[in-house]
Number of protein chains: 2
Amino acid sequence: MAKTEAKSPRERYRVQVRAEIKERAWEQIATAGASALSLNAIAKQMGMSGPALYRYFASRDELITELIREAYQSLAGTFRTAVATGADLAGLAHALRGWAVENPQRYLLIYGTPVPGYHAPEDITGISSEIMTALLDACTALAPTGSAAPFSAHLDDHRDWADGHPAPPSALHRALAFWTRLHGVLSLELAGHFTNMGFDPALLFAAELDDLLTHRA
Amino acid sequence: MAKTEAKSPRERYRVQVRAEIKERAWEQIATAGASALSLNAIAKQMGMSGPALYRYFASRDELITELIREAYQSLAGTFRTAVATGADLAGLAHALRGWAVENPQRYLLIYGTPVPGYHAPEDITGISSEIMTALLDACTALAPTGSAAPFSAHLDDHRDWADGHPAPPSALHRALAFWTRLHGVLSLELAGHFTNMGFDPALLFAAELDDLLTHRA
DNA sequence: CAGGTTCGTGATAGCCTCTAACAAAACTTT
DNA sequence: AAAGTTTTGTTAGAGGCTATCACGAACCTG
């Protein structure tokens, strides 16, 4: 049952130190943003001197990539357990918002402003497609909704991103709308653009979700 | 007609140098992101040595703040001319997308991932409320749409952010939906999350806009 | 216990922001 | 025009960062 193969005690120590580094990194990101992440500061916090961290992560970029991977896996796991407990599209939305509000820095690492040159490694896009599959499943399971929107037709001609998923075009359309609309609310909320505006972001999120479920997408 | 008051030649030189600094800064941001902006590199590019730039901007933060201000003013100007040429809500959406696609780095500076500690100065929130006013105007001018959505009622109780604007609650609701939905599409597109997915982001944007205009918001 | 592997260290190079002291140029005032 | 004041740019330097290197020390393995 143990996925962490109990190897040599050295291996154990290594993964433990890596885990602590990542933990401190998340704290730093939460308080000062990903751009202010400092390997040096983490090392000093852990009582060891600067370059020692390079035994565990080849570079600052590799650490950040690992954090991105972790964030994706966390979101994918949230979706997986939601699906396992019988969540429909509304359930997925609820799970998404709960996760995002609880881990704003993780959400923003995934969906926030990217560094122009950066390209995610292969396995990360794999996890991202697992998330998309869960979304497509929920959308196909929902309702036929004979959507006559011209964009649905366009999607039927450009469905390579669905990766062989048997979703009808209206489900593809609804999945994209789900993604973009909920992201629209969440990203603005997490970025603080709704502060001092008075209304409750959760209600706006709920209203968008309701529109997504009752209207044809 | 000249807004730039022809003051002393020194003043002229100063604003010119500041302008060139900002221009180089935008180039850097476009190629490496805002976090990689380096005053030092800009100075060297301009043929002067490091600390000279601090005569023009007190700190790196002040330069970035100025860039954010510039971005807000650029967007507000785009909206202003759109309104002046008789644009309705659809026209605003078109103007928004055109501006965002042409100035992705500006859009992301405004609506992208914020630095946790940062607080925008007063005048910037002023420009931002001008943008919101244009949006609310367009939404009130549109259609009555007796929206019975519960969120509209909530907005009627929390309309302080509209700053005295006489928009009916359904217009407030539509303005928020306009903002969040179009931002949802735009931000994901600009962040590159649609690349390699095959479909045309412009069509998704158009579909979202159409939904916004034909359905009750 | 001998041997190779891994880990942490200090030194160093090369970036960066930002301050301070100083020189030179440019406007202002007399 | 001469003298004085303000603005501009310079170099030097403190302190931070990423990252590499060579070296000693600790550690598992045979």
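Naming: A, B, ... by sequence-line order, numbering from 1 per chain.
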Could you check if a side-chain atom of [X] sits within less than 4.5 angstrom of a side-chain atom of [Y], using non-hydrogen atoms only?
X	Y	value
B:H165	B:D137	yes
A:E130	A:R80	yes
A:T65	A:Y118	yes
B:L89	B:L135	yes
A:P201	A:L204	no

To the nearest Å, give me how far apart [atom1] ([X]) and [atom2] ([N]) are.
X	N	atom1	atom2	answer
B:M48	D:dT8	CE	P	10 Å
A:L39	D:dT20	CG	P	11 Å
B:Y13	C:dA25	OH	P	13 Å
A:M46	C:dG8	CE	P	8 Å
A:F57	D:dT20	CZ	C1'	19 Å
B:R12	D:dT7	CZ	P	18 Å
B:L53	D:dT7	CG	P	18 Å
A:D61	D:dT18	CG	C1'	11 Å

Per [X] side chain, nearest of listed nucleotides [options]:
X	options	result
B:A52	C:dT9, D:dG9, D:dC17	D:dG9
A:R10	C:dA25, D:dC27, C:dT17	D:dC27
A:R55	C:dG8, C:dT17, C:dA21	C:dG8

Considering just the side-chain nitrogens and oxygens of [X], establish if one lies under 4.0 Å of OP1 or OP2 belonging to [N].
X	N	answer
B:Y54	D:dT7	no
B:S49	D:dT11	yes
A:R14	C:dC7	yes

Salt-bridged, A:E189 to A:R97, with N to O below 4.0 Å?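 A salt bridge is present here (some side-chain N lies under 4.0 Å from a carboxylate O).
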
Between A:R69 and A:E66, is the closest basic N to carboxylate O distance under 4.0 Å?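 Yes, charged N to carboxylate O under 4.0 Å.
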
Mind checking A:Y56 for me? I need base, sugar-phosphate or nothing, with any heavy atom below 4.0 Å counting as a touch.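 Sugar-phosphate contact only - A:Y56 comes under 4.0 Å of backbone atoms but never of a base.
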
Using a heavy-atom distance cut-off of less than 4.0 Å, which residues of residues 18-37 of chain A contact DNA chain C?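 Listed by number, there are none.
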
Can you say whether the rings of A:H193 and B:Y111 are parallel (under 30°), tilted (30 to 60°) or perpendicular (over 60°)?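 A:H193 vs B:Y111 ring planes: tilted.
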
Review item, nucleotides 12-15 of chain C N/O atoms under 3.5 Å of protein N/O:
none

Assess the side chains of B:S187 and A:H183: does a donor N or O sit below 3.5 Å from an acceptor N or O?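 There is such a pair between these side chains.
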
Could you walk me through whether A:S59 and A:Y54 pass the side chain to side chain donor-acceptor pair (under 3.5 Å) test, one step at a time? CA-CA 7 Å; A:S59 71; A:Y54 288 80; over 6 Å; no

